[in-house]
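Lettering follows sequence order; numbering is per chain, from 1.
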There are 2 protein chains.
Amino acid sequence: MVDDVKSPAELTDLFRAQGLKVTPQRQAIFRILHESEVHPSAEAVHAEVTRELPMVSLRTVYQTLNDLAAMGELVQLDLGTGAARFDPTLTPHHHLVCDGCGRVTDLEVDFPDVSVPATLHRGFTVSSTQIVFRGRCDACAAAVPVHP
Amino acid sequence: MVDDVKSPAELTDLFRAQGLKVTPQRQAIFRILHESEVHPSAEAVHAEVTRELPMVSLRTVYQTLNDLAAMGELVQLDLGTGAARFDPTLTPHHHLVCDGCGRVTDLEVDFPDVSVPATLHRGFTVSSTQIVFRGRCDACAAAVPVHP
DNA sequence: CGTTCATCAACAACGATTGCTAACAAGCAA
DNA sequence: TTGCTTGTTAGCAATCGTTGTTGATGAACG
Ligand SMILES: [Mn+2]
Ligand SMILES: [Mn+2]
Ligand SMILES: [Zn+2]
Ligand SMILES: [Zn+2]
């Protein structure tokens, strides 16, 4: 079972409960995240939002995404693709990252053997484990047969 | 057996073979990388270099680190710690990243079970697998006992 | 020694993100 | 409804890490 980002209605309640106001801009962001199958950057969310509300600033999008991440309703990923990616899937999972187009795909597989051996952790306390498989997605592999 | 960055002498030969000149600045960078136990950022390398050669510009450091990375003699890591880190250990391995101080520690352990199941890779071709354990190093765990 | 290339300084510029602030508008009370 | 209060927004400046540009200088290599 996958723990996804809450529905726009639930996020609305949550924001009100935190004393935050629920604006049309925020509601649009809630909706976009809830419907998103990808791992959008702030820019990408902004591009979506401005299709409905052309005047929303990128600043506002960052603000709301940060608020959601701070509440734990959204996961911020830094995968070395330039911009941070926001993940509406809250359950811990891993990722395939395409070096060609930057596409991020979920890998919902548990690797129970992956942990730091007690003899090697030297006092380090692990709070999260991220596995990133880098390579090329089907589309990018087809586009560049041999050499770039 | 660990495949480390080549010695200053070897890198000197390599640069000459590529038609690149070997300057005191570059030699200092070669030496620093060869002696480094950490995963320095370009800034950190620059700070070291300027202890010997105070006039070396950060631009030159970036240039040389990029040259080395392009030759495959140095690995550039993006671990979400702000600046890129340069890794003198060339053998594939994994990392512990401290969320407190940004320290990066090697984990030279092989996890043979970590791979993308054939039923799930959907045409994705994996070229590298990175495992990052995030958490707190001993020093940072001690510094922040309960709450920040 | 002469050619070539690297370096330097001093910038500007970049992309991603955050800080600042004046103007605005949502929420609430009367 | 009206008006007040306060959170929110848009717009812009600024930040950080990194790269591009310039032209003058100097060093490396053959
Ligand atoms: Mn994901
Ligand atoms: Mn390493
Ligand atoms: Zn791709
Ligand atoms: Zn630490």
Side-chain angles (χ1 to χ4, degrees), chain A residues 8 11-30 39-47 49-50 52-71 74-87 97 101-102 104, chain B residues 8-9 11-30 32 39-47 49-50 52-71 74-87 102 104:
Chain A
L11 290 177
T12 294
D13 292 348
L14 221 138
F15 264 52
R16 289 233 172 86
Q18 307 265 326
L20 300 172
K21 294 178 179 169
V22 177
T23 64
Q25 292 87 336
R26 292 186 157 180
Q27 286 176 320
I29 295 171
F30 296 166
H39 296 74
S41 64
E43 284 279 5
V45 173
H46 182 243
V49 174
T50 51
E52 312 177 24
L53 302 169
M55 294 291 95
V56 178
S57 74
L58 184 54
R59 191 72 185 78
T60 298
V61 174
Y62 271 109
Q63 207 106 281
T64 303
L65 293 177
N66 286 342
D67 288 345
L68 285 167
M71 293 179 202
L74 191 61
V75 177
Q76 181 170 349
L77 300 174
D78 194 337
L79 296 167
T81 53
R85 300 300 198 92
F86 293 88
D87 195 337
V97 179
C101 62
V104 177
Chain B
L11 290 176
T12 294
D13 292 349
L14 223 138
F15 264 53
R16 289 229 174 88
Q18 308 263 326
L20 299 172
K21 291 177 178 170
V22 178
T23 63
Q25 292 90 335
R26 289 179 165 181
Q27 287 175 322
I29 294 170
F30 296 165
I32 286 159
H39 297 74
S41 64
E43 283 281 4
V45 173
H46 182 243
V49 174
T50 51
E52 311 177 25
L53 303 170
M55 293 290 94
V56 177
S57 72
L58 182 56
R59 194 76 187 72
T60 298
V61 174
Y62 271 110
Q63 209 104 281
T64 303
L65 294 176
N66 286 341
D67 288 346
L68 286 167
M71 293 179 202
L74 191 63
V75 176
Q76 181 170 350
L77 300 175
D78 194 336
L79 296 168
T81 53
R85 302 301 199 90
F86 293 88
D87 194 337
V104 177

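Applying the ring-ring contact (aromatic ring centres under 6.0 Å, His included) criterion to Phe15(B), with sequence neighbours excluded, gives Phe30(B). With sequence neighbours left out, Ser41(B) forms a side-chain contact (heavy atoms from CB on, under 4.5 Å) with Glu43(B), Ala44(B), Ala83(B), Arg85(B).
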Can you list the steps and then say if Arg16(A) with Val22(A) is a side chain to side chain contact (heavy atoms under 4.5 Å, CB included)?
CA-CA 7 Å; Arg16(A) 289 233 172 86; Val22(A) 177; 3.8 Å; yes
Walk me through whether Met71(A) and Leu14(A) qualify under side chain to side chain contact (heavy atoms under 4.5 Å, CB included).
CA-CA 9 Å; Met71(A) 293 179 202; Leu14(A) 221 138; 3.4 Å; yes
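A heavy atom lying under 4.0 Å from DNA chain D marks the following residues of residues 58-68 of chain A, by number: Arg59(A), Thr60(A), Gln63(A).
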Tabulated below should be each protein N or O lying under 3.5 Å from an N or O of nucleotides 28-30 of chain C; please produce it.
none

If you restrict it to nitrogen or oxygen atoms, what contacts under 3.5 Å exist between nucleotides 28-30 of chain D and the protein, and what is each distance?
from, atom 1, to, atom 2, distance (Å)
dC29(D), OP1, Arg16(B), NE, 2.3
dC29(D), OP1, Arg16(B), NH2, 2.9
dC29(D), OP2, Arg16(B), NH2, 3.1

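Rounded to an integer number of Å, the gap from Gln25(A) CD to dG7(D) C1' is 13 Å. Rounded to whole angstrom, the span from the CD atom of Gln18(A) across to the P atom of dT8(D) amounts to 11 Å. Taking atom CE of Met55(B) as the reference point, atom P of dA27(D) lies 14 Å away to the nearest angstrom. Gln76(A) has its CD atom 7 Å from the P atom of dT17(C), to the nearest Å. With rounding to whole Å, Leu53(A) atom CG is found 14 Å from dA25(C) atom P. Regarding Phe15(B), its CZ atom lies at a distance of 16 Å from the C1' atom of dA27(D), rounded to whole Å.
Minimum heavy-atom separation, Ala28(B) to Val49(B): CB-CG1, 4.4 Å. Nearest heavy atom pair, residue Asp78(B) against residue Gly80(A), reads OD2-CA, 3.5 Å. Nearest heavy atom pair, residue Ala42(B) against residue Val61(B), reads O-CG1, 3.7 Å.
Once rounded to the nearest 0.5 Å, the distance linking CD1 of Ile29(B) with OG1 of Thr60(B) reads 7.5 Å. Note that the CD atom of Gln27(B) and the OG1 atom of Thr12(B) stand 5.0 Å from one another [nearest 0.5 Å]. Between the NE2 atom in His39(A) and the CG atom in Leu77(A) there is a gap of 6.0 Å [rounded to 0.5 Å].
Glu43(B) comes within 4.0 angstrom of nothing in the nucleic acid, heavy atoms only. Residue contacts for Ala84(B): at a heavy-atom cut-off of 4.0 Å it reaches the sugar-phosphate backbone alone, with no base atom in range.
Pairs engaging residues 57-68 of chain B under the salt bridge (Lys or Arg N to Asp or Glu O under 4.0 Å) rule: Arg26(B)-Asp67(B) [sequence neighbours left out].
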